[in-house]
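Below is one structure, written out as structure tokens; the observations come after it.
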Amino acid sequence: MSDISLSELGELLLECVGAPEEGMAFEGDTALDTPFLEFGYDSLALLQVTSVINRTYGIVLNDDAVAEAETPRLLLALISTAPRAGAVR
């Protein structure tokens with residue numbers, strides 16, 4: 001299983017918890033280091049999307065580590081190093 005891209009993460013967030021704040025987009029290097037709170041996503045939104053990531057991709061993410069991943073770059077790094085379980089896809 002390949003890692004999740006920034007655009008895929010943005011799509012998952014859109015599907016799970018809705019659109020980011022107006023004028024915000026998951027595109028380019030700037031988005032990688034923009035805090036999730038600026039996009040309008042809180043820790044509960046991230047836990048919801050990581051639950052979907054676990055079920056869909058079989059990527060097991062620790063809730064405490066997810067809470068500390070304040071930007072897409074940090075969450076994507078966490079995803080890329082996380083253990084894999086069997087995907088349900």
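For reference, positions follow the sequence shown, starting with 1.
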Task: Beyond-backbone contact of L76 with D3, side-chain heavy atoms, under 4.5 angstrom - done: no
Open item on the list: One pair to check against side chain to side chain contact (heavy atoms under 4.5 Å, CB included): D42 and F36. What are the steps and the verdict?
Closed with: CA-CA 7 Å; D42 61 12; F36 283 109; over 6 Å; no
TODO: Could you name each residue pair satisfying salt bridge (Lys or Arg N to Asp or Glu O under 4.0 Å) that touches residues 19-31, not counting sequence neighbours?
DONE: none
Task: R55 side chain to I53 backbone, donor-acceptor under 3.5 Å - done: no
Open item on the list: Could you measure the distance from the CG atom of N62 to the CG atom of L78? Nearest 0.5 Å is fine.
Closed with: 8.0 Å
- [ ] Give the ring-plane orientation class for F39 versus Y41, where under 30° counts as parallel, over 60° as perpendicular and anything between as tilted.
- [x] parallel
Task: Distance-minimising heavy-atom pair for L61 and A82 - done: CD2-CB, 3.7 Å
TODO: Side-chain contact test, heavy atoms from C-beta onward, threshold under 4.5 Å: evaluate it for V60 versus N54 and give yes or no.
DONE: yes
TODO: Using the rule that two of Ile, Leu, Val, Met, Phe, Trp, Tyr join whenever any of their side-chain heavy atoms come within less than 4.5 Å, decide whether V17 and V52 are in one cluster.
DONE: yes
Open item on the list: For residues L47 and L9: do they belong to one hydrophobic cluster (side chain heavy atoms under 4.5 Å, members Ile, Leu, Val, Met, Phe, Trp, Tyr)?
Closed with: yes
Task: Distance-minimising heavy-atom pair for A45 and L13 - done: O-CD2, 4.5 Å
- [ ] Verify the cluster assignment for L12 and L74: are they in a single hydrophobic cluster under the rule of side-chain heavy atoms below 4.5 Å apart?
- [x] no
Task: Shortest non-hydrogen contact between I79 and R84, atoms and distance - done: O-NH1, 3.0 Å
TODO: First locate atom CG of L75, then atom CD of E68, and finally report the distance between them rounded to the nearest 0.5 Å.
DONE: 12.5 Å
Open item on the list: How close do A31 and A25 get, counting heavy atoms only, and between which atoms?
Closed with: CB-O, 3.5 Å
- [ ] Please check if L6 and M24 belong to a single hydrophobic cluster, counting links between Ile, Leu, Val, Met, Phe, Trp and Tyr side chain heavy atoms closer than 4.5 Å.
- [x] yes
TODO: Only counting residues at least two apart or in another chain, list the ones meeting side-chain contact (heavy atoms from CB on, under 4.5 Å) with S5.
DONE: S7, E8
Open item on the list: I'd like to know if the side chain of Q48 and the backbone of C16 have a donor-acceptor N/O pair within less than 3.5 Å.
Closed with: yes
